[in-house]
Each structure stands twice: as structure tokens, then as C-alpha cells.
Amino acid sequence: MSIKLMEPFKTYLDLQTGALQPVGEVVQRRLSDMRNMYADTQAVERILETEGDRLIYEVRAVDLPETAGFVLYGTTVIYPGRVGDEYHMTKGHYHEKRDRSEMYVGLGGAGYLVLQAEDGTVRGVPMEKGTIAYVPPCWAHRTVNTGEVPFVFLAVWPGDAGHDYHTIEQLGFARLLVERDGQPVFVGNPRYGGALR
Ligand code: M6P
Ligand code: ZN
């Protein structure tokens with residue numbers, strides 16, 4: 001018996017812009033897609049009314065099956081900016097299979113990988129071009145652009161990891177990255193609903 005072989009292939013990655021060729025799914029996340037995730041809900045509504053539906057970040061992924069045995073990869077570009085004093089960020093997720101890990105490779109700009117465990121432990125890993133940041137099993141992960149230019153990185157994760165957005169949508173992250181005197185600072189999230197450590 002023989003199995004059907006997948007043909008080897010390659011992807012071109014533009015190291016500056018994060019563009020992938022060929023590309024599979026492209027997702028754009030706008031402020032309205034995340035309106036409950038920023039602490040300053042008044043700032044969210046003000047931006048939506050006065051400026052419109054701001055593009056916060058874009059994700060490009062290579063077209064591969066989301067099943068065990070495959071390694072998925074894609075790029076994320078988070079545009080610079082703040083909502084109130086909170087920096088632009090991704091929604092963030094746990095993996096549905098909690099023990100699946102992930103790696104991020106910084107390509108441009110600067111920011112943080114923010115990780116949270118289910119007991120409320122939060123860690124922040126600063127990232128810049130050349131940083132390889134590791135998401136160990138069982139940590140939720142979100143990235144935040146704390147700079148003035150697009151924060152671009154490549155992510156690589158197991159095909160069967162799955163994205164659990166629901167838990168973060170319900171509970172939030174225990175700590176937020178906000179700008180204080182021009183510097184990124186972690187503060188407690190008044191709307192956090194999960195365990196605290
Ligand atoms: C990275 C990876 C992707 C993820 C993306 C945006 O590229 O972790 O799996 O989709 O960041 O993050 P999120 O899905 O949480 O918005
Ligand atoms: Zn992930």
C-alpha cells in the first residue's frame with residue numbers, strides 16, 4: 001500500500017512587509033472586530049465615530065491542512081497606534097489543544113509577545129527584528145505593537161493546535177500594555193474576569 005505524497009513546495013516571504021507568495025487565507029482585523037477587547041470603551045466608540053473602522057492588524061497564512069502532522073505558518077502585521085493609552089494588539093488566543101506550542105520570529109518593528117496562563121500568570125517577552133520568541137504549551141498569546149512603525153513577525157505552529165478565541169473574549173488578559181510617558185508599561189486590567197495570581 002502506498003500513501004499519496006504531497007509535493008514539496010516553497011513560499012516567498014518578503015522580510016520587510018511580511019507578504020507571502022503564494023498566500024492562503026488573509027484576515028484583516030479592524031477595531032470593530034475587537035471593540036470589547038480594549039479597556040477604554042469610550043475611546044473605542046470615539047474612534048469609530050470620528051475616524052471610522054481602523055485597521056489594527058492583518059494575518060496571512062500559507063494554505064495547509066489544519067490537522068496533525070502539518071506545520072502551519074503565517075505572518076502578522078500590527079499597525080502602530082493606540083486605543084486610549086492601550087497599544088494596538090491582536091485578539092489573542094489559547095490553542096484548543098492546550099499543549100501545542102508556537103514560535104514567533106520578529107521581522108520588523110518592535111513589540112511584545114504577551115502570554116497568560118489559566119491561573120492568571122502573565123509574562124511579556126519584548127520582540128524586535130531577529131527575536132525568536134517561544135510560546136510554551138498551555139499559554140494564551142497575544143502580540144502588541146509598542147513602536148511607531150508596523151510590527152511584523154512570522155509565526156509557526158502545529159497543524160492540529162486550533163484557535164480558542166472564546167476564553168480570551170470572555171475573560172480578557174489580566175494585564176494590559178499601555179503607554180506611560182512614552183514607554184510601554186503593564187497595568188492591571190479592570191475588566192479581567194479570570195483567575196488572578
Ligand atoms: C500569529 C499566529 C496566528 C494568529 C495571529 C494573530 O500569526 O499565532 O495563529 O492567528 O498571530 O493572532 P490572533 O489569531 O490571536 O488574532
Ligand atoms: Zn497560537
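Position 1 is the first residue of the sequence; numbering continues from there. Whatever order the structure lists ligands and atoms in, that order sets their numbers, starting from 1.
- Computed with the Zn ion (ligand 2) at the centre, the H93 NE2 to E102 OE1 angle is 160°, stated to 10 degrees.
- The side-chain heavy atoms of L13 and L20, taken from C-beta on, include a pair separated by under 4.5 Å.
- Around atom CD of E169, more than 12 heavy atoms belonging to other residues, nucleotides or ligands sit under 6.0 Å away.
- Y73 and T11 form a side-chain donor-acceptor contact under 3.5 Å, judged by distance and modelled atom types alone.
- Annotation: cation-pi geometry not satisfied between R54 and Y38 (NZ/CZ under 6.0 angstrom from ring centroid, within 45° of ring axis).
- Results of the side-chain contact (heavy atoms from CB on, under 4.5 Å) test with R29 over E58, M89, K91 single out K91 as the only residue that passes.
- Contact of the W139 side chain with the T121 side chain is registered, since non-hydrogen atoms from C-beta on lie closer than 4.5 Å.
- Using a cut-off of 2.8 Å, one finds that H95 contributes an N/O/S atom close to the Zn ion (ligand 2).
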Where does ligand 1 get N/O contacts under 3.5 Å from the protein, atom by atom?
residue  : atom   : partner : partner atom : Å
ligand 1 : 7 (O)  : T76     : OG1          : 2.7
ligand 1 : 8 (O)  : E102    : OE2          : 2.5
ligand 1 : 8 (O)  : Y104    : OH           : 2.9
ligand 1 : 9 (O)  : H163    : NE2          : 2.7
ligand 1 : 11 (O) : T76     : OG1          : 3.3
ligand 1 : 14 (O) : Y165    : OH           : 2.4
ligand 1 : 15 (O) : G92     : N            : 2.9
ligand 1 : 15 (O) : H93     : ND1          : 2.8
ligand 1 : 16 (O) : Y57     : OH           : 2.4

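- Contact of the R98 side chain with the D164 side chain is registered, since non-hydrogen atoms from C-beta on lie closer than 4.5 Å.
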